[in-house]
Amino acid sequence: MADADVMDKLVSLAKRRGYIFQSSEIYGGTGSVWDYGPLGIELKRNVKERWWSSMVHQRDDIEGLDAAILMHPKVWEASGHVDGFTDPLVECSNCNRRFRADQPDIADGQCPVCGSKETFSEPRSFNLMFKTFMGPVEEQANVVYLRPETAQGSYVNFLNVQQSARQKVPFGIAQIGKAFRNEITPGNFIFRTREFEQMEMQFFVEPGTDDEWFERWKAERMEWHLSLGIRREKLRYHEHGPDELAHYAKTAVDIEYEYPFGWKEFEGIHNRTDFDLSRHEEHSGKRLEYIESHSGTRFIPYVIETAVGVDRTVLVTLCDAYREEEVDGDERVVLGLAPHIAPIKAAVFPLVKKDGMPEIAERIHADLRRSAINAFYDASGSIGRRYRRQDEAGTPFCITVDGQSTEDQTVTVRDRDSLEQVRVSADQLVTWIRDRVDEAAQAAGGAV
Ligand code: ATP
């Protein structure tokens with residue numbers, strides 16, 4: 001299967017099964033903006049909940065925050081985004097298409113769309129922030145920006161969080177929230193979009209301990225990705241060379257994933273030094289120092305940042321899970337999502353719509369849902385077709401109520417991956433499914 005085909009197949013499966021739809025599709029779509037359907041939102045929530053649990057709930061040295069998307073415009077002057085958050089843009093004078101000048105596909109000077117040579121304009125800086133106006137008057141004084149990262153909300157609230165939560169350095173602030181970037185070359189489905197969600201954590205440390213904390217976070221983040229069930233051989237580190245470093249970073253490493261379109265960034269881990277806090281001190285005139293209570297020592301902490309996209313994590317889990325295989329001479333498409341992140345944990349089928357089977361199946365379905373196990377009821381089509389639909393949706397367990405169930409209250413449970421079927425007592429199902437989901441989470445990486 002060619003890799004380009006995999007992306008096309010994934011995009012159509014995502015639509016067919018209710019994972020991801022193009023935004024405003026009936027109007028022809030909005031450029032590189034996507035909507036999450038019934039299964040997509042469940043996968044996204046599972047990813048976010050696991051991140052939040054590992055970052056905030058399971059640790060006592062990280063606090064949560066939900067800062068607003070709109071911030072004081074001076075924030076973005078201080079952070080360097082107004083002057084520096086730009087990509088070099090060139091335009092082809094033949095077809096008027098625009099490209100990022102730093103992309104390899106235009107390095108030979110040939111337009112990848114119309115094929116013309118030597119038709120690119122000189123590169124000019126293009127700011128990626130979306131601008132809008134606050135209040136009724138559209139003038140320069142009222143310009144505000146949609147945040148291009150959540151991190152700045154954590155910096156401007158550094159002392160609010162530290163003091164209210166009575167934290168001591170080292171400690172971190174975690175946020176999950178929307179970010180917006182007017183990307184010149186978005187694409188590859190939800191890999192690079194103009195509206196996306198980030199999971200970012202800023203860890204404040206004493207200068208001099210930053211290199212050690214950087215290494216710790218680099219290792220921890222890799223473990224987290226593995227805990228989603230992602231294959232180890234598809235993940236690697238990419239250390240940034242001096243020419244790749246962002247203006248604020250002392251050191252940076254990406255965790256990369258091998259997408260069907262090649263090895264690319266999945267998460268960024270950055271040592272941002274005291275750059276952001278110092279700049280906010282300068283621009284706001286307010287002190288952002290940390291004062292150690294026992295010694296009275298004052299310093300501006302260094303920041304180790306871990307930054308990953310929710311949408312990009314969803315894409316990685318989908319790419320990693322997609323497979324096509326033959327079973328008894330039949331082709332099947334499977335989303336082999338780990339049970340602990342799969343949107344639906346179990347599907348319930350009555351073998352036929354009579355002889356008391358639908359009643360038992362409905363009761364099982366209701367029991368599972370009441371126990372907070374997301375389950376799906378399906379009574380239409382042959383059992384084979386019902387299995388195929390759930391294989392594509394990524395559902396790990398299919399429960400079938402058959403003739404024997406009406407006699408002894410047992411059902412068959414079919415495993416999506418091994419295809420093994422076992423008989424389980426109907427009143428044990430909630431525990432049985434819960435145990436399997438927990439086991440999968442443990443096997444993939446402990447409690448995180
Ligand atoms: P790139 O250079 O690839 O545009 P970046 O290095 O600027 O990305 P960061 O600013 O480090 O990215 O953002 C942190 C994370 O947020 C990325 O690793 C990625 O997971 C996610 N992310 C960034 N931009 C986008 C986007 N346009 N669409 C989806 N996710 C994004």
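For clarity, every value in this text was computed on a predicted model and none was experimentally measured. Counting convention: from 1, in listed order, for ligands and their atoms alike.
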Participant: What I want to know is whether Phe266 and ligand 1 share at least one N or O pair that is separated by under 3.5 angstrom.
Facilitator: yes
Participant: With ring centroids as reference points, do Tyr290 and Phe204 lie under 6.0 angstrom apart?
Facilitator: no
Participant: Is Arg414 positioned over the aromatic face of Tyr387, cation under 6.0 angstrom from the ring centre and no more than 45 degrees off axis?
Facilitator: yes
Participant: Residue-level breakdown please: for His270 versus ligand 1, do any non-hydrogen atoms fall below 4.0 Å on the side chain, on the backbone, on both, or on neither?
Facilitator: side chain
Participant: Going by heavy-atom distance to atom 4 (O) of ligand 1, choose the closest among Arg181, Glu149, Arg192, Glu265.
Facilitator: Arg192
Participant: Pairing donors with acceptors under 3.5 angstrom, does anything connect the side chains of Glu244 and His238?
Facilitator: yes
Participant: Are Gln202 and Glu305 close enough, and set up right, to give a side-chain hydrogen bond (donor to acceptor under 3.5 Å, both in side chains), and what steps lead you there?
Facilitator: CA-CA 5 Å; Gln202 316 299 318; Glu305 171 187 62; 3.2 Å; yes
Participant: Mind checking whether Arg194 contacts ligand 1 via backbone (N, CA, C, O), side chain (CB onward), both or neither, at a 4.0 Å heavy-atom cut-off?
Facilitator: neither
Participant: Can you sort out which atoms of ligand 1 are near Gly268, meaning under 4.0 Å from one of its heavy atoms?
Facilitator: 18 (O)
Participant: Starting from atom 15 (C) of ligand 1, locate the nearest protein heavy atom and write down its residue, its atom name and how far away it is, to 0.1 Å.
Facilitator: Ala307 O, 3.5 Å
Participant: Do ligand 1 and Gly309 have nitrogen or oxygen atoms that lie under 3.5 Å from each other?
Facilitator: yes
Participant: For ligand 1, which atoms have a heavy atom of Gln198 less than 4.0 angstrom away?
Facilitator: 13 (O), 14 (C), 16 (O)
Participant: Which protein non-hydrogen atom lies closest to atom 30 (N) of ligand 1, naming both residue and atom, and how far is it?
Facilitator: Phe196 CD1, 3.5 Å
Participant: Taking the six-membered ring for Trp, are the ring centroids of Trp213 and Tyr302 within less than 6.0 Å of each other?
Facilitator: no
Participant: Validate the cation-pi geometry between Arg312 and Phe191: distance from NZ or CZ to the six-membered ring centre under 6.0 Å, angle to the ring axis within 45°.
Facilitator: yes
Participant: Looking only at protein heavy atoms, which one is nearest to atom 28 (N) of ligand 1, and how far off is it?
Facilitator: Thr193 N, 3.0 Å
Participant: For Phe191, counting its heavy atoms only, list the atoms of ligand 1 lying under 4.0 Å from any of them.
Facilitator: 28 (N), 29 (C), 30 (N)
Participant: I'd like to check which ligand 1 atoms, numbered from 1 as shown, lie under 4.0 Å from a non-hydrogen atom of Val308.
Facilitator: 20 (O)
Participant: Taking the six-membered ring of Tyr237, is the NZ or CZ of Lys218 close enough (under 6.0 Å from the centre) and on axis enough (within 45°)?
Facilitator: yes
Participant: For His240, enumerate each residue passing the side-chain hydrogen bond (donor to acceptor under 3.5 Å, both in side chains) test, keeping only those at least two apart in sequence or located in another chain.
Facilitator: Asp254
Participant: Based purely on interatomic distance, does Glu200 place a nitrogen or oxygen under 3.5 Å from a nitrogen or oxygen of ligand 1?
Facilitator: no
